[in-house]
Amino acid sequence: MPGYTKEDIVLKLDGHMITIGAMKKELPVEEHSTYYRRERTRGHITRSMKLPHDCDVNNVDVVYCHGVVKVTFQKVKSASSTHRTLLIK
């Protein structure tokens, strides 16, 4: 997320749905002797993604470095297969 600081970014996790959002605020006004300079940069971005069911949502690692947000989930180790054959009585 280039152009956004770590403080501007919000991550929300709701079940197996992750939402990454950021809001850019206006920069302060620069006052010079003969003019004022103001950049009107406001913006809001939001992306939501559904996670696979084998992700451990309780074990999350989030790293921000140079505009890149890296979110890492551990995979849940299943003890047995969830598929089985049922007998008809």
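Once rounded to the nearest 0.5 Å, the distance linking CG of L51 with CE of M17 reads 8.0 Å. Here the OH atom belonging to Y64 is positioned 12.0 Å from the CG atom belonging to L11, to the nearest 0.5 angstrom.
Both V62 and F73 sit in one connected hydrophobic cluster of ILVMFWY residues. Membership requires side-chain heavy atoms under 4.5 Å apart, directly or through other members. The same ILVMFWY cluster, assembled from side-chain heavy atoms under 4.5 Å apart, contains both L13 and I45.
For residues 44-60, the set of pairs meeting the side-chain hydrogen bond (donor to acceptor under 3.5 Å, both in side chains) definition, not counting sequence neighbours, comprises T19-S48, H44-T46.
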- Message: Is there a side-chain contact (heavy atoms from CB on, under 4.5 Å) between D61 and V71? Walk through the geometry before answering.
- Response: CA-CA 6 Å; D61 186 35; V71 182; over 6 Å; no
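Proximity of I20 to M49: side-chain heavy atoms (C-beta onward) are separated by under 4.5 Å at one or more points.
Minimum heavy-atom separation, Y4 to I9: CB-CG1, 4.2 Å.
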